[in-house]
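Accompanying notes for the structure given below.
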Amino acid sequence: MSSAKLDMEKLVALCRRRGFIFQSSEIYGGINGFWDYGPMGVELKKNIKDVWWNDMVRNPPPGPDGQEITMVGVDCSLIMNPRVWEASGHVGGFSDPMIDCKTEGCKGRFRADQLKSTPCPLKPSKCAGEFEKCQLTEPRVFNLMFKTYVGALEDASAVAYLRPETAQGIFANFKNVSDSSRVKLPFGIAQIGKAFRNEINPRNYTFRSREFEQMEIEFFCHPDESMKWYQYWRDVRKNWYSTLGLNSDRVLPREQGKEELAHYSIGTTDIEYMFPFSDEPQELEGVAHRGAYDLTQHMTHSGKDLAYFDELAWQKADKSVYGGDKKKEQAAKQSPPYKFVPHVIEPSAGADRFTLAVLCEAYHEDKVADASGKQEERVVMRFHPRLAPVKAAIFPLVNKDGMPEIAERLYRELKRDFNVQYDDGGAIGRRYRRQDEIGTPYCITIDGDTVCGGSVTIRDRDTLEQRRVQLSDVVGEIRKMVK
Ligand code: GAP
C-alpha cells in the first residue's frame, strides 16, 4: 500500500477488472459473505497456501534451542460427527450477540459488539443505533454454525454442521496421526482448508466472509515446555508476514488481555494488520496457548484415551523404585511424567485474510516514462515474487524477424516451472502496464539483439531497471529471483 491510505474501492475495482476476486454468483445479484477467486486470485491464494505449507510444514524455522521441528499435515472432511462440535464447545457456545433494527426500510442485523463501527444502513454517516429513526432490539444469541442434514431424513438425528474451523479435525485425529507417523513430542499437525461461519455481518470485502480458508497448526508439546513454544510460534508467525512483503510497521502482535481470553486459553496473541478500511489494526491470525483443553474435551466426550505416552522417558526411568511390584510399575507408566495430555499451541491464520492484506499492501499508483519519455500513471501490484500470480511475461518486440519463435520457445521452457504469460499484443508500454496491474515481477523482451547476440532484456517491475541476460541463463535467473 502506498503511504497514503488506499481507497478500497480502487482495489476492489482492480481485483474485478484483472480477475483476482469476484462476487459469488454475481450474475444473480451475488450472495452476501461469499466470494470467488478469478484466474489471478486463485494463483495468488494458491501461492500463499503453498508458501505457508513450505515454510511451516516442510521447512519450519529451527526451534528455540536450534532443534529441528517435526511437522506433518492432514486434510480432514468438512463435515464431521456432530459430537465433535459438542466436545469442542461450538454447539453450545460458538455464537455472537445479534441485534435487529425494526425500522421500516432498514431491517438491519448487526453484531451487538460492533454497533459502534457498523454504519447505519439508512444513514451511513452515522453508526447503527445513532440515527433518530433506529429501533434496535435487545441482543439475542446467534450460533454461527451452518447446519445441514446427512442422509435422506431431515430430522434431528441427521443434523450435521459445516466445520467452523479446521482445528477440530486435527484434534480428532491426534491419535491416528501419532500412531501412524510415529512422531514424538513436540510435534505439529497442520491443515489448510475451508471453514464456514454464518457471520451476522460479513463486511470489509473478503475480510469477514461466511466461507473462508484457514491455515492452522496444532503444535503438541510437554506442558512444562509450553510457554517456550508459545513464544516461539508467536515470533515465527509474526516474522513470516514481513518476509512476504507486509510492512513490519503494519503487522502488530497484540497480547490479549485476561478479560478477552477464552476460558481455556493460557495466553493468546493476535497478529494484527493495519488494513486500510479501518483505523484500528485487525486480526490476521491468532496464536493461542490452548493448554490441554481440546484433547481433554475429546477424551471426555469420545471415551478414547488421547493421552501421550513418553516412551523415551519411560525407557530411561529407574524402575527399581517400584521394587519389582508390577502393579505399581503399571500405575506409574499410566501417570505423569510418563503419560500426560499434551499442551497445544495453535497458530491459526486465514488464507483469505492474508490474501486481502497482500492485495492491500501491493497496490501502488506511480508514474513511469512512456516510450516518448512522457510520464504516465500506472497501477502496479508490488507482490513479493514468491506470491506473484504470474512470475514472468515474455514479449517478442515485434511479430517478425524470428522473435516470436524465440519468445515462444522461452515461454514453453519457463512454463514448466512457473506461471508465465506470453504477450505479443500492442506496444511494449501497454504490455508492461498490463503486467504491472497483475503484479508480474519480471518482463522479458526478445528483440533484435536476441536474434543476433542471444541476449534478452529482463525488466524489473519495481525498479524499472532493464538488464541484458543471455537467453540460456533466463530460467536460472528467474528461478533465483522468485525463490
Ligand atoms: N481454531 C481457532 C480459530 O478458528 P479464529 O480466530 O476464530 O480461531 C482464525 O480464526 C483465523 O481465521 C482468523 O485469524 C482469521 O484469519 C480467519 N477467519 C476467522 N473468521 C473469518 C471470517 N469470517 N472470514 C475470513 N477469515 C476468517
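Counting starts at 1 for both ligands and their atoms, following the listed order. Because the structure is predicted, anything quoted here is derived from the model rather than measured.
Set against the non-hydrogen atoms of Glu285, the atoms of ligand 1 under 4.0 Å away are 14 (O). Listed by number with element, the atoms of ligand 1 under 4.0 angstrom from any heavy atom of Ala167 are 1 (N). Shown in contact with Ser209 at under 4.0 Å from a heavy atom are these atoms of ligand 1, numbered in order with element: 22 (C), 23 (N), 24 (N), 25 (C). Every atom of ligand 1 is numbered from 1 in the order shown, and the set under 4.0 Å from a heavy atom of Glu346 is 1 (N), 2 (C). Those atoms of ligand 1 with a heavy atom of Glu216 less than 4.0 angstrom away are 1 (N), 2 (C), 3 (C), 4 (O).
Counting heavy atoms from C-beta on, the side chains of Tyr161 and Val91 come closer than 4.5 Å.
Put simply, the side chain of Glu218 never gets that close to the backbone of Glu346: no donor and acceptor are under 3.5 Å apart.
With respect to Glu437 and Arg18, a salt bridge is recorded, a charged nitrogen being found less than 4.0 Å from a carboxylate O.
Under the 3.5 Å distance criterion, with hydrogens and angles disregarded, no donor-acceptor pair is assigned to the side chains of Glu225 and His343. A donor atom on one side chain and an acceptor atom on the other are not found under 3.5 Å apart for Tyr442 and Gln435. Counting only N and O atoms by type, the side chains of Gln114 and Asn201 include no donor and acceptor under 3.5 Å apart. Judged by distance alone, the side chains of Thr268 and Ser265 do bring a donor and an acceptor atom under 3.5 Å apart.
In terms of protein heavy-atom proximity, atom 16 (O) of ligand 1 is nearest to Leu284 O, 2.8 Å. Scanning the protein heavy atoms around atom 11 (C) of ligand 1, the nearest turns out to be Ser348 O, 3.7 Å. Counting only heavy atoms of the protein, atom 14 (O) of ligand 1 lies nearest to Glu283 OE2, 2.6 Å. The protein heavy-atom contact nearest to atom 25 (C) of ligand 1 is Phe207 O, 3.1 Å. For atom 18 (N) of ligand 1, the nearest non-hydrogen atom of the protein is Phe212 CE1, 3.5 Å. Among all non-hydrogen protein atoms, the one lying nearest atom 15 (C) of ligand 1 is Arg353 NH1, 3.4 Å. Nearest to atom 19 (C) of ligand 1 among the protein's heavy atoms is Arg197 NH1, 3.5 Å. Protein heavy atom in closest approach to atom 17 (C) of ligand 1: Gly350 CA, 3.8 Å.
Here the straight-line distance linking atom OG1 of Thr137 with atom NZ of Lys102 works out to 6.0 Å at 0.5 Å rounding. Atom CZ of Phe20 is separated from atom CG of Leu356 by 12.5 Å, given to the nearest 0.5 angstrom.
Between Phe219 and Phe187, the distance from one ring center to the other does not fall under 6.0 angstrom. Residues Phe277 and Tyr205 keep their aromatic ring centres 6.0 Å or farther apart.
Neither the backbone nor the side chain of Phe354 comes within contact range of ligand 1; no heavy atom lies under 4.0 Å.
The N/O atoms of Glu165, backbone and side chain alike, include one that comes under 3.5 Å of an N/O atom in ligand 1. Of the N or O atoms in Gln214, one or more lie within a sub-3.5 Å distance of an N or O in ligand 1. The distance criterion of under 3.5 Å between nitrogen or oxygen atoms is not met by Glu218 with respect to ligand 1.
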